[in-house]
Asker: 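Dropping the structure in here first, questions after.
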Amino acid sequence: MASSNSYKLRCSIPGHEMDVRGLAAAVFPEGAFVSVSRDRTGRVWVPNSSPDKGFTEMHCMSGHSNFVSCVCIIAPSETYPRGLIATGGNDNNICVFTLDQPQPLFTLKGHKNTVCSLSSGKFGTLLSGSWDTTAKVWLNEKCMMTLQGHSAAVWAVVILPEQGLMLSGSADKTIKLWKAGRCDKTFTGHEDCVRGLAVISNTEFFSCSNDTSIRRWLVTGECVQVYYSHTNYIYSIAVFPNSQDFVTTGEDRTLRIWRKGECAQTIRLPAQSVWCCCVLPNGDIAVGASDGIIRVFTEAEDRMASAEDLQAFEDELSKATIDPKTGDLGDIKLEDLPGREHLDEPGNRDGQTRLIKDGEKVEAYQWSVSDGRWMKIGDVVGGSNQQTSKSVVYEGKEYDYVFTIDVNEGGPSMKLPYNVTDDPWLTAHNFLQKNDLSPMFLDQVANFIIENTKGHVVGPAQPESADPFTGEFIYFSIKVAFLFILKGGARYIPGSSDGGTGFGADPFTGGGAYSSASLRQTATNIYFPKTDGVTFEQANSSQIIAKLKELNGRAPQEQKLSEEALESIERLLLSVCGPSSSEPPPTIQQISLLWKASHWPEDIVFPVLDIMRLAVRHSQVNESLCGEAEGVQLCNHLLSLMRPEGRPANQMLALRTLCNCFSGRNGRALLMAQRETVLSRAADLASVCNKNIHIALATLVLNYAGCLHSQPDLEAKAQCLSVASRALETVQDKEAVFRLLVALGTTVASDQTAQDLARSLGVSSQISKYSSVSDPSKVAECCQLVLKELQ
């Protein structure tokens with residue numbers, strides 16, 4: 001039964017720039033709470049006395065070098081009468097703050113992966129849970145003990161009121177009770193990752209899980225009740241002061257309020273992931289979501305938002321778009337849906353959803369018991385998983401065919417839509433113009449269209465032609481050896497392709513681009529495992545040499561190259577830039593000169609790095625620079641150029657050089673031996689906002705994954721998974737995302753232990769959003785195949 005008192009919006013707080021991942025009620029000031037976010041900050045919010053009944057930011061804390069994922073309040077002590085704030089982050093650290101300093105009082109280091117949960121106990125003890133599969137107990141700035149026993153990431157921890165009892169919940173689906181640092185009991189019952197824990201009393205606690213259930217447990221081991229209402233992962237749970245009622249949030253866009261064991265109210269939010277919640281001392285509820293907004297809800301009428309603000313919130317919700325693939329709406333068939341008249345019938349329970357069709361649109365509504373009406377919660381996009389159309393829809397129009405054109409070696413794929421009534425030559429001409437491709441390919445594209453539409457009947461796809469992942473027509477695909485002829489000047493840009501348009505242009509938009517297969521059919525996996533190394537091939541030798549000579553004039557006198565030395569390096573470049581080169585193979589003297597020049601000042605060294613990037617592909621250079629003695633020096637030098645505060649051009653070229661080192665036996669051996677250091681430093685560059693750095697980082701991870709594919713080195717694979725997962729938190733560029741997905745697939749393919757590890761890190765839920773990316777289609781196709789591996 002629904003409570004007579006219903007929660008309504010009190011205020012919205014747009015204080016963070018990215019997802020809000022953790023919330024905690026503060027001890028001081030009264031009514032305040034703390035939030036943490038992927039924007040790397042923590043913020044303290046205090047209630048204000050303004051008419052909007054909102055909150056004001058009192059304090060901002062920064063100290064993490066990566067996303068902040070959890071927060072807890074350490075109780076007041078004689079030393080800190082206002083208490084302390086502890087935050088955990090993706091930088092593997094825990095920062096502890098006072099309420100009056102923006103920088104940490106101290107930082108706790110010891111975890112080897114993301115710290116995703118924190119709980120404080122008596123006497124200043126702090127319990128942390130991490131993706132490294134351990135929980136740690138801290139006291140007075142020191143780790144007192146490490147709780148080992150889980151086989152996967154520890155997503156949730158809590159300290160019970162009784163001294164010495166601690167709980168940890170894990171992606172291994174279990175909960176463990178720890179007594180004096182030893183596992184006293186293991187609770188089983190959840191069917192997926194345990195994501196949240198909340199204390200009821202000395203003897204009882206709640207847990208919530210990705211399996212969409214909430215469980216109530218006795219510390220003696222018995223599960224006394226299971227609660228169902230959520231339709232997707234449940235991320236957080238918090239208990240009301242009466243120690244019986246509670247609230248939960250999850251991936252189904254909802255906050256749910258539970259009274260007397262039943263879901264009494266469901267509040268939908270205009271954000272897909274509702275990551276966290278906390279109950280304030282006055283009974284109000286604060287929630288944080290993936291849109292970066294904190295929303296506070298109250299059942300006290302004098303604290304509720306104005307009618308205008310409530311209407312604005314409802315309007316925002318009604319404009320949301322709902323993807324049926326999120327799992328809470330089921331399969332949708334437009335022809336079977338009722339019309340608007342269906343909303344005249346009252347709902348059966350609070351939060352009940354109903355879909356109606358309005359013309360060609362599908363709208364979702366939710367029943368509000370307190371208001372006695374259906375509230376629109378969004379428009380459903382994406383429609384059914386069943387094929388109902390006779391054509392392929394692209395950019396809002398229907399076509400008989402949509403061909404996917406892949407540039408070699410992984411450049412962005414391009415769509416070529418075509419109807420059988422179209423002129424293939426005109427279609428080819430328009431396609432080349434739209435994508436800045438040379439008109440010299442007109443005949444090739446037109447003939448491809450003619451050949452691949454001969455004898456095809458336009459109409460429903462035959463069973464064997466159905467895409468196994470979407471149910472739609474297969475997107476026919478060709479691999480064309482296109483060289484992009486990009487518009488722009490011939491100015492040399494480090495790492496760019498010939499005639500590049502600016503710094504950071506991806507070299508994979510040229511003839512050396514990476515492609516997984518010549519014919520992509522979604523029925524088979526042509527993406528991974530990818531065990532041959534991916535390299536960065538393109539270069540304009542004359543531009544590189546011209547820039548080298550120009551900058552040589554700015555080099556310190558003792559590092560300046562003579563005319564003879566410049567000619568020697570030029571000959572080396574020419575000898576490594578083509579299999580049919582008439583130049584003799586590189587000499588030891590040339591390689592030595594290149595190594596010496598690579599130590600130029602960082603503001604002028606980039607053309608030297610570009611030459612080194614190309615040179616290490618050659619077997620003799622690879623052997624010389626990557627040998628046992630010299631290799632460590634090369635590695636250390638490149639890593640020094642990859643410092644997060646370094647120059648983006650050098651960071652990118654150093655990463656690309658490392659990728660190209662995989663071309664030779666010596667380079668592979670060197671990088672495998674230096675894996676932990678190289679990947680750790682490379683992972684830090686995910687936070688640099690540069691798409692070409694991200695593509696190079698993704699390629700490095702992919703090359704490591706390829707080398708590790710047939711090896712049983714779980715620690716190494718765990719690092720690949722961790723770095724790829726961490727990079728996907730930041731990376732936006734679709735080509736980089738694609739390569740990270742291929743790296744994930746290569747790491748877990750045919751390796752059950754690696755698959756279990758990936759599940760424990762929550763990889764499936766992290767990458768699922770890419771399964772519906774339409775452009776380029778290879779992102780969705782690869783993502784679906786990775787998800788299939790992890791089922």
Side-chain angles (χ1 to χ4, degrees), residues 40 65-67 90-91 492-497 500 502-509 533-539 544 547-548 551 594-595 597-617 625-626 632-662 667 670-671 674-704 719-720 723-724 726-733 735-737 739-740 743:
R40 307 186 185 192
S65 61
N66 212 316
F67 308 126
N90 282 49
D91 57 5
Y492 166 68
I493 315 289
S496 69
S497 58
F503 167 67
D506 181 13
F508 284 154
T509 56
V534 180
T535 53
F536 293 81
E537 300 285 332
Q538 285 190 319
I544 295 174
K547 181 59 69 173
L548 179 74
L551 294 178
L594 178 65
W595 172 246
S598 72
H599 291 78
W600 275 4
E602 290 192 14
D603 61 331
I604 62 170
V605 75
F606 57 85
V608 184
L609 295 177
D610 219 359
I611 296 170
M612 183 175 284
R613 182 259 305 183
L614 295 161
V616 293
R617 301 169 305 151
L625 287 180
C626 301
V632 175
Q633 292 181 15
L634 172 68
C635 229
N636 289 339
H637 182 50
L638 293 173
L639 292 180
S640 73
L641 295 167
M642 287 163 53
R643 301 185 315 278
E645 69 275 12
R647 292 175 176 266
N650 296 343
Q651 293 168 338
M652 176 189 70
L653 291 168
L655 280 168
R656 290 179 176 181
T657 303
L658 289 170
C659 291
N660 286 4
C661 284
F662 280 90
L670 167 68
L671 289 174
Q674 301 292 318
R675 169 193 51 79
E676 188 168 354
T677 308
V678 170
L679 278 178
S680 295
R681 174 60 58 86
D684 292 336
L685 295 180
S687 59
V688 177
C689 190
N690 182 301
K691 79 168 191 174
N692 285 309
I693 288 174
H694 290 170
I695 290 171
L697 166 61
T699 307
L700 183 66
V701 179
L702 174 54
N703 285 350
Y704 268 112
Q719 190 183 20
C720 277
V723 172
R726 185 169 157 189
L728 282 168
E729 297 270 7
T730 313
V731 166
Q732 300 293 321
D733 180 79
E735 181 59 25
V737 168
R739 295 183 189 204
L740 289 168

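Keep in mind that the numbers below use all heavy atoms, side chains included, and drop hydrogens, waters and symmetry copies.
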Asker: Any side-chain to backbone donor/acceptor pair from Arg613 onto Phe536? Under 3.5 Å, distance only.
Answerer: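 Side chain of Arg613 to backbone of Phe536: a pair is present.
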
Asker: Say you draw a straight line from CD of Gln674 to CG of Asn636; how long is it, rounded to the nearest 0.5 Å?
Answerer: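 Output value for this atom pair is 6.5 Å.
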
Asker: Using only atom types and a distance under 3.5 Å, with no angle test, would you say the side chain of Tyr704 pairs donor to acceptor with the backbone of Ala743?
Answerer: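 Pair absent, no side-chain N/O of Tyr704 close to backbone of Ala743.
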
Asker: Does the side chain of Lys547 come within less than 4.5 Å of Phe606's, by heavy atoms?
Answerer: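 Side chain of Phe606 against side chain of Lys547, heavy atoms only: contact under 4.5 Å found.
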
Asker: Roughly how far, to the nearest 0.5 Å, is CG of Leu658 from OG1 of Thr699?
Answerer: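 If we round to the nearest 0.5 Å, Thr699:OG1 and Leu658:CG are 11.5 Å apart.
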
Asker: Spell out, as yes or no, whether a donor-acceptor pair under 3.5 Å connects the side chain of Asp733 to the backbone of His694.
Answerer: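 No.
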
Asker: Heavy atoms only: give me the nearest Val701-Cys720 pair and the separation to one decimal.
Answerer: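 Heavy atoms only, the tightest pair is CG1-O, 4.0 Å.
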
Asker: Return the CG to CG distance between Leu653 and Asn660, rounded to the nearest 0.5 Å.
Answerer: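 Leu653 CG to Asn660 CG: 10.5 Å, rounded to 0.5 Å.
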
Asker: How close do Leu638 and Thr657 get, heavy atom to heavy atom, and via which atoms?
Answerer: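 That closest heavy-atom pairing would be CD1-CG2, 3.9 Å.
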
Asker: Which heavy atom of Pro648 sits nearest to which heavy atom of Ile693, and what is that distance?
Answerer: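 Answer, listing the atom of Pro648 first, then Ile693: O-CD1, 3.8 Å.
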
Asker: Of all residues at least two apart in sequence or in a different chain, which pass the side-chain hydrogen bond (donor to acceptor under 3.5 Å, both in side chains) check with Thr677?
Answerer: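 For Thr677, no residue satisfies side-chain hydrogen bond (donor to acceptor under 3.5 Å, both in side chains) once neighbours in sequence are set aside.
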
Asker: What residues form a side-chain hydrogen bond (donor to acceptor under 3.5 Å, both in side chains) with Asp91, not counting sequence neighbours?
Answerer: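 In terms of side-chain hydrogen bond (donor to acceptor under 3.5 Å, both in side chains), with neighbours along the sequence ignored, Asp91 is linked to His64.
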
Asker: What are the two closest heavy atoms between Pro607 and Ile544, and how far apart are they?
Answerer: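 What the structure gives for the nearest pair is O-CG2, 3.9 Å.
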
Asker: Is the closest side-chain heavy-atom distance between Cys689 and Thr730 below 4.5 Å?
Answerer: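 No. Closest side-chain heavy atoms not under 4.5 Å.
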
Asker: Holding to side chain to side chain contact (heavy atoms under 4.5 Å, CB included), I want the full list of residues that pass it with His637, two or more places apart in sequence or in another chain.
Answerer: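 Checked His637 against side chain to side chain contact (heavy atoms under 4.5 Å, CB included); matches are Trp595, Ser598, His599, Ser640, Leu641.
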
Asker: Can you list everything that forms a side-chain hydrogen bond (donor to acceptor under 3.5 Å, both in side chains) with Glu729? Sequence neighbours excluded, please.
Answerer: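 If we apply the side-chain hydrogen bond (donor to acceptor under 3.5 Å, both in side chains) test to Glu729, skipping adjacent residues, the hits are Arg38.
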
Asker: Between Glu735 and Lys691, is there a salt bridge with N-O shorter than 4.0 Å?
Answerer: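 Not counted as a salt bridge, because no side-chain N and carboxylate O are separated by less than 4.0 Å.
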
Asker: For the residue pair Leu697 and Ala683, what are the closest heavy atoms and their distance?
Answerer: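 Shortest heavy-atom contact: CD1-N, 4.2 Å.
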
Asker: State, to 0.1 Å, how close Arg40 and Ser65 come at their nearest heavy-atom pair, and which atoms those are.
Answerer: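 Result for this residue pair: NH1-O, 2.9 Å.
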
Asker: Report yes if some heavy atom in the side chain of Val534 is under 4.5 Å from a heavy atom in the side chain of Cys659; otherwise report no.
Answerer: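 They are not in contact (no side-chain heavy atoms under 4.5 Å apart), so the answer is no.
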
Asker: With side chains defined as the heavy atoms from C-beta onward, is the minimum distance between Leu700 and Val678 less than 4.5 Å?
Answerer: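 Counting from C-beta outward, Leu700 and Val678 do come under 4.5 Å.
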
Asker: For the CG atom of Leu609 and the CG atom of Leu655, what is their distance to the nearest 0.5 Å?
Answerer: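 Atom-to-atom, Leu609:CG and Leu655:CG are 11.0 Å apart.
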
Asker: To the nearest 0.5 Å, how far apart are CG in Leu740 and CG in Leu728?
Answerer: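 Answer for the CG-CG pair, Leu740 versus Leu728, is 4.5 Å.
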
Asker: Atom CG of Asn66 and atom CG of Asn90: how far apart are they, to the nearest 0.5 Å?
Answerer: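 These two atoms lie 5.0 Å from each other.
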
Asker: Can you find a pair of side-chain heavy atoms, one from Gln651 and one from Asn690, that are under 4.5 Å apart?
Answerer: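 A side-chain contact is absent here, since even the closest heavy-atom pair is not under 4.5 Å.
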
Asker: Which residue pairs pass the salt bridge (charged side-chain N to carboxylate O under 4.0 Å, His left out) test when at least one of the two sits in residues 644-655, sequence neighbours left out?
Answerer: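 Applying salt bridge (charged side-chain N to carboxylate O under 4.0 Å, His left out) to every pair that reaches into residues 644-655, excluding sequence neighbours, yields Arg643-Glu645.
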
Asker: Can you pull the salt bridge (charged side-chain N to carboxylate O under 4.0 Å, His left out) pairs that have at least one residue in residues 676-688, sequence neighbours excluded?
Answerer: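 Qualifying pairs, neighbours excluded: Asp684-Arg726.
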
